[in-house]
K.L.:
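Sharing a structure with you now.
Note: hydrogens, waters and symmetry copies are ignored here, and every other heavy atom, side chains too, is used. Protein chains get the first letters and strands the later ones, always in sequence-line order, with residue 1 at the start of each.
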Protein chains: 2
Amino acid sequence: MNAPTPAPRMTRQRREILDALDTRDFRSAQSWHERLRAEGSTIGLATVYRGLQALADQGEVDAVVSESGETLYRRCEAGEEHHHHLRCRSCGKAVEIDVPEFEDFAHRIGDAHGYGDIRHTIELTGVCPECAAAGRG
Amino acid sequence: MNAPTPAPRMTRQRREILDALDTRDFRSAQSWHERLRAEGSTIGLATVYRGLQALADQGEVDAVVSESGETLYRRCEAGEEHHHHLRCRSCGKAVEIDVPEFEDFAHRIGDAHGYGDIRHTIELTGVCPECAAAGRG
DNA sequence: CGTCTTATCGCTAATGATTCTCAATTGCAC
DNA sequence: GTGCAATTGAGAATCATTAGCGATAAGACG
């Protein structure tokens, strides 16, 4: 009954994704793909999708769904427990924020209504100083 | 130069959508469409999409984007200012919740980082009592 | 009530994002 | 090295949503 760890191989493309992700911005899989190709990589789009998903499962990257329905990714900070973001709607730059007490709050609300297995999402979006200055957003 | 109010017509299908929406569940446009057809309506899918969007713009319905990227709709309560939900991941049933102080919190965080035009999303999801009892979820 | 204008319909084709298929590669254990 | 399953890349397939368009009918007017 012990699932032998699925054996993740460290391939060139896996490494490329990890490297590219080393920033502070939220971008779509397509956007990361473009960037990689622009840097000379020959990585395929499907591979980027697969890689990002795998990384998200491992907790190596954060994934959020934008208003328009696309999934955005970025590498997350070190240790990583549960956390939230303040993201720029124009350039994707994000900072992690702390919402103390919210975990508790969420569970209390859940209990109050009899809902179990509570999960929550908090997303703050805005326009960062740079984008505001540049007249974007 | 004055846009005369676009003249919204009350059609049979508009009425059908409004009637169908008279529940407490969050469902996708496709799901509402199915339901309408099941009840004998001959309304088209595109019409349901158009109708729901229009209603969302008017503030008559709430729209949220699920984890999987689909947009879910439900009629919202009367007056309607900004509010949040605790939604069942299995059946879509939702209750409105109050998150006092959060509006302020959001703006304070935004200011602290120099981000403007702050917008926020809070979604709590869980499994409602009925679904839990039925073993779904 | 009949006519006219045009918003709205419903169908179908088009988009856009994401996933799947599958033959060709290639980590990596032996 | 060898062998084989995990992984890749390109394109087809899928899904949700939107756009295009001829047909229909809401609502204003006489």
K.L.:
For B/Met10 and B/Ser28, find the nucleotide of DNA chain D closest to each by heavy atoms; which residue's nucleotide sits nearer the 5' end?
P.N.:
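Nearest-nucleotide comparison on DNA chain D picks B/Ser28.
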K.L.:
How long is the line joining CD1 of B/Ile43 and P of D/dT24, in whole Å?
P.N.:
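Going from CD1 in B/Ile43 over to P in D/dT24 covers 18 Å.
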K.L.:
Using whole Å, what does the distance between atom P of nucleotide C/dT8 and atom CD of B/Glu16 come to?
P.N.:
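Computing the B/Glu16:CD to C/dT8:P distance gives 16 Å.
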K.L.:
If you compare every side-chain N and O of B/Gln30 against the phosphate oxygens of D/dC15 (OP1, OP2), does one of them come in below 4.0 Å?
P.N.:
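No, no such contact exists.
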K.L.:
If you compare all heavy atoms of B/Trp32 against all heavy atoms of B/Ala20, which two are closest, and at what distance to 0.1 Å?
P.N.:
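Residues B/Trp32 and B/Ala20, closest heavy atoms: CZ3-O, 3.4 Å.
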K.L.:
Expressed in angstrom and rounded to an integer, what is the separation of B/Gln53 atom CD from C/dT8 atom P?
P.N.:
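Rounding to the nearest Å, CD of B/Gln53 and P of C/dT8 are 13 Å apart.
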K.L.:
Please pick, from C/dG10, C/dC20, D/dT7, the nucleotide with the shortest atom-to-atom distance to any side-chain atom of B/Thr42.
P.N.:
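The nucleotide sitting nearest to the side chain is C/dG10.
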K.L.:
Would you kindly give the CG-to-C1' distance between A/Leu72 and C/dG16, to the nearest whole Å?
P.N.:
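It is 15 Å, rounded to the nearest whole Å.
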K.L.:
Would you confirm whether the ring centroid of A/His84 sits within less than 6.0 angstrom of the ring centroid of B/His120?
P.N.:
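No, the ring centres sit 6.0 Å or more apart.
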K.L.:
Testing the basics here: between A/Ile43 and A/His33, what is the closest heavy-atom pair and its distance to 0.1 Å?
P.N.:
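Shortest heavy-atom contact: O-NE2, 3.1 Å.
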K.L.:
Pick the nucleotide of DNA chain C nearest each of A/Thr71 and A/Arg12; which residue has the one closer to the 5' end?
P.N.:
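Between the two, 5'-proximity favours A/Thr71.
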K.L.:
Do the charged groups of B/Glu130 and B/Lys93 touch, with an N to O distance under 4.0 Å?
P.N.:
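Salt bridge: yes.
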K.L.:
Between A/Phe102 and A/Phe105, how do the two ring planes meet: parallel, tilted or perpendicular, split at 30° and 60°?
P.N.:
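A/Phe102 vs A/Phe105 ring planes: tilted.
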K.L.:
Roughly, in whole Å, what's the span from CZ in A/Arg9 to C1' in D/dG3?
P.N.:
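Answer to the nearest Å: 11 Å.
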K.L.:
Would you say B/Tyr49 places a side-chain N or O within less than 4.0 Å of OP1 or OP2 belonging to D/dT17?
P.N.:
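Yes, because at least one side-chain N or O of B/Tyr49 sits under 4.0 Å from OP1 or OP2 of D/dT17.
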K.L.:
Can you tell me if B/Gln13 touches the phosphate of C/dT8, counting only side-chain N or O atoms and a distance under 4.0 Å to OP1 or OP2?
P.N.:
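B/Gln13 to C/dT8 OP1/OP2: no side-chain N or O under 4.0 Å.
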K.L.:
Quick one: is B/Thr11 getting a side-chain N or O under 4.0 Å of the C/dT8 phosphate, OP1 or OP2?
P.N.:
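It does not, given that no N or O in the side chain of B/Thr11 lies less than 4.0 Å from OP1 or OP2 of C/dT8.
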K.L.:
Distance check needed: D/dA19 P versus B/Leu45 CG, whole Å only.
P.N.:
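B/Leu45 atom CG is separated from D/dA19 atom P by 14 Å.
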K.L.:
Using whole Å, report how far CD of A/Glu67 lies from C1' of D/dT17.
P.N.:
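Rounded to the whole Å, the gap is 16 Å.
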K.L.:
Less than 3.5 Å between a donor and an acceptor, one on the side chain of A/Arg50 and one on the base of D/dG9, is that the case here?
P.N.:
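Looking at the base of D/dG9, it does pair with a donor or acceptor on the side chain of A/Arg50 (distance under 3.5 Å).
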K.L.:
When the distance from CG of B/Leu18 to P of C/dT8 is rounded to whole Å, what number comes out?
P.N.:
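To the nearest whole Å, that distance equals 14 Å.
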K.L.:
Reckon A/Arg37 touches a base, only the sugar-phosphate, or nothing at all at heavy-atom distances under 4.0 Å?
P.N.:
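Sugar-phosphate, backbone atoms only, no base.
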